Amino acid sequence: MEFRLLGPFEACHDGHLVEIAGRRQERCLLALLLLDLGHPVTIDRLIGLLWNGEEPASARGAVYTYVGRLRAALVPYGVRITTRADGYLVEADNHRVDVADFHRDVQQALDAADPAARAALLDRALRLWRGPLLADVADEALRHRLDGQLDEARLVAHEMRAEAQLALGRHARVIKDLAALADALPLRERLVGTLMTAHYRAARQADALLLYEATRKALATELGVDPGPDLQELHRRILRSDARLDQPRRAVYEVRVREEVLPWIVGGHPALDFCNTFVGWGDPAPLPGAEWLRGYRTFAVWCGYIGLADDPTVSRLLTLALRDPAEADRTLEQARTLRAHMFACLSGHADHAAFDAVARAAEAAAKTLEYTRDDSGGGRWRPSLEAGLRLPLHAAAWSAAELLADPRRLTVRSCAESHCRWLFLDETSMRRWCSLVTCAG
């Protein structure tokens with residue numbers, strides 16, 4: 001079943017609305033259990049939330065009665081309410097709750113490097129909103145106790161989506177999405193700044209300046225403060241028609257090829273750049289803070305960008321991936337596993353299992369290699385297109401094997417900057433940082 005709590009309580013079975021409970025208190029109790037789907041909620045907590053600290057003497061008996069009615073109503077739809085110690089839980093059983101879906105999509109958007117993917121995830125999250133949490137069964141005090149940060153998360157999602165749309169050059173969409181919000185919330189400087197930028201890019205400089213002035217007055221009247229430094233700087237740049245505002249901002253670590261976001265080349269060797277994704281560290285992700293190896297198309301484009309395949313081969317791989325997406329996904333998962341083993345070997349922390357895994361991958365790649373002439377008139381080994389969708393995987397494995405067999409492997413360093421830590425070759429033994437602008441500065 002699908003339960004919708006963002007707005008009036010609704011329950012859907014196979015896409016059709018069904019009536020679960022006619023009484024407001026019963027719907028509210030079920031919603032409280034669904035907000036902790038798969039986890040027990042004590043009877044004392046249920047009572048405290050349902051009656052807000054003013055429960056009658058019969059409250060515990062009333063909860064027993066509500067649960068009994070709900071169990072009977074939910075049996076036809078395969079929803080189980082289980083007794084656990086001094087409480088109840090709704091068994092997860094693949095049921096869906098829109099609040100959990102919203103939080104999941106927003107978190108995935110935070111982790112996404114590609115602004116198009118980020119915008120799509122946030123669009124999906126915001127489409128779940130039909131109104132305040134449990135609009136027909138909960139008051140404002142109960143909503144705050146249940147999830148006091150939910151409204152803030154919605155506003156942040158609006159701001160993040162607008163910023164992603166700006167990065168894609170969709171300033172008209174941003175103006176449409178944010179205009180009403182900015183009028184209602186003039187104190188949210190991040191939202192106002194994004195809308196000002198969208199106005200400016202739409203050749204509506206006057207609207208951007210008027211919006212700033214309205215925000216400045218609202219801040220002075222309600223809080224007695226001036227706009228923050230970021231908004232003031234944006235205002236100054238709009239006044240002097242700063243050309244840098246005309247184009248979407250792109251981070252210094254991004255490279256875009258065929259509309260794919262790829263990691264910047266800093267390692268000095270393809271095997272190192274394959275690992276330079278922050279995924280293998282296990283730490284909270286710093287810049288760029290996202291998985292670049294997110295789809296087979298990106299993997300294939302990277303293979304051509306790094307020089308492990310020519311452009312016609314990349315085009316052929318993209319066509320093959322469209323024809324057989326399941327095999328493309330399997331290849332991508334194998335690439336991620338190989339990357340973890342490669343990182344262990346190249347960072348000096350490999351056990352024999354990691355080295356053996358890279359060795360086996362390199363041996364499989366060697367069977368597909370062909371010797372071809374390069375642009376300079378020399379020759380090089382490259383995986384044959386006969387390898388099909390596995391060609392980028394073989395190319396990465398062979399590149400790793402080449403480096404592990406090269407004395408230069410002893411010069412691999414990790415960037416000393418705490419937010420970076422990318423791998424690079426340092427044959428001088430004097431460098432501490434990679435060549436990213438953020439670190440070189």
Side-chain angles (χ1 to χ4, degrees), residues 106 109-110 112-127 129 151-261 264 287-290 436-438 441:
V106 171
L110 285 168
D114 181 15
R118 191 181 313 127
L121 284 164
L122 292 167
D123 273 339
R124 187 168 71 186
L126 290 168
R127 278 197 298 269
W129 279 80
D151 281 337
E152 175 65 18
R154 178 179 67 91
L155 292 175
V156 170
H158 275 289
E159 291 167 344
M160 289 171 50
R161 181 178 66 175
E163 289 166 357
Q165 298 285 8
L166 270 187
L168 296 168
R170 301 170 184 170
H171 36 267
R173 167 76 184 274
V174 173
I175 294 171
K176 178 181 177 182
D177 289 345
L178 292 191
L181 270 178
D183 286 342
L185 302 166
L187 304 185
R188 291 191 73 91
E189 295 187 40
R190 178 182 179 185
L191 185 152
V192 169
T194 303
L195 182 55
M196 286 173 60
T197 304
H199 279 311
Y200 181 81
R201 290 185 185 166
R204 296 165 59 173
Q205 184 179 18
D207 288 336
L209 297 174
L210 288 171
L211 178 59
Y212 176 83
E213 186 61 20
T215 298
R216 186 191 66 76
K217 289 180 179 178
L219 287 166
T221 300
E222 297 191 32
L223 301 177
V225 298
D226 293 326
D230 288 345
L231 200 62
Q232 290 187 39
E233 175 61 19
L234 175 61
H235 179 242
R236 285 191 290 268
R237 291 173 65 183
I238 290 175
L239 284 173
R240 61 176 182 261
S241 300
D242 191 329
R244 291 174 296 173
L245 289 176
D246 292 331
Q247 297 297 326
R249 294 175 60 188
R250 290 181 178 173
V252 295
Y253 48 78
E254 284 187 0
V255 174
R256 288 174 181 260
V257 180
R258 295 195 184 204
E259 297 306 312
E260 294 296 314
V261 178
W264 195 275
L287 293 174
L436 280 176
V437 173
T438 53

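The shown structure was predicted, so the numbers you read here are calculated from the model rather than taken from an experiment. When reading the values below, keep in mind they use all heavy atoms of this one structure, side chains included, and skip hydrogens, waters and symmetry mates.
In this structure, the side chain of Gln165 does not engage the main chain of Val174 through any donor-acceptor pair within 3.5 Å. Checked by atom type and distance alone, the side chain of Arg161 never pairs as donor or acceptor with a backbone atom of Arg118 at under 3.5 Å.
Nearest heavy-atom pair across Ala167 and Pro115 is CB-CB, 3.9 Å. Counting all heavy atoms, side chain and backbone alike, Val106 lies closest to Ala157 at CG2-CB, 4.2 Å. In plain terms, the two heavy atoms of Leu168 and Ala119 that are nearest each other are CD1-CB, 4.5 Å. Nearest heavy-atom pair across Ala208 and Ile238 is CB-CD1, 3.9 Å. Considering all non-hydrogen atoms of both residues, Val192 and Pro186 come closest at CG2-O, 3.9 Å.
Salt-bridge formation is not detected for the pair Glu189/Arg216: no Lys NZ or Arg NE/NH1/NH2 atom is positioned less than 4.0 Å from an Asp or Glu carboxylate oxygen. Residues Arg173 and Asp123 are paired through a salt bridge, judged by an N-O separation under 4.0 Å between the basic side chain and the carboxylate. For the pair Glu152 and Arg190, the salt-bridge criterion is not met [side-chain N within less than 4.0 Å of a carboxylate O].
The shortest distance between side-chain heavy atoms of Leu211 and Leu195 falls below 4.5 Å. Contact check for Glu159 versus Thr194: no side-chain heavy atoms found under the 4.5 Å cut-off. Here the side chains of Gln205 and Ser241 are in contact, with some heavy-atom distance below 4.5 Å. Taking 4.5 Å as the limit, some side-chain heavy atom of Leu181 sits within range of a side-chain heavy atom of Leu155. Side-chain contact between Arg201 and Leu166 is present, with heavy atoms from C-beta onward closer than 4.5 Å. Looking only at side-chain heavy atoms (C-beta outward), Gln232 and Tyr212 come within less than 4.5 Å of each other.
Between atom NE2 of residue His171 and atom CZ of residue Arg204 there is a gap of 10.0 Å, rounded to the nearest 0.5 Å. In this structure, CE in Met196 is found 10.0 Å from CG in Leu210, a value given to the nearest 0.5 Å. Note: Leu122 CG to Arg154 CZ = 13.5 Å, rounded to the nearest 0.5 Å. Between His199 atom NE2 and Leu178 atom CG the span is 9.0 Å, to the nearest 0.5 Å. Between the NE2 atom in His158 and the CZ atom in Arg188 there is a gap of 10.0 Å [rounded to 0.5 Å].
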Quiz item: Passes side chain to side chain contact (heavy atoms under 4.5 Å, CB included), Leu231 versus His235? Steps please.
Solution: CA-CA 6 Å; Leu231 200 62; His235 179 242; over 6 Å; no

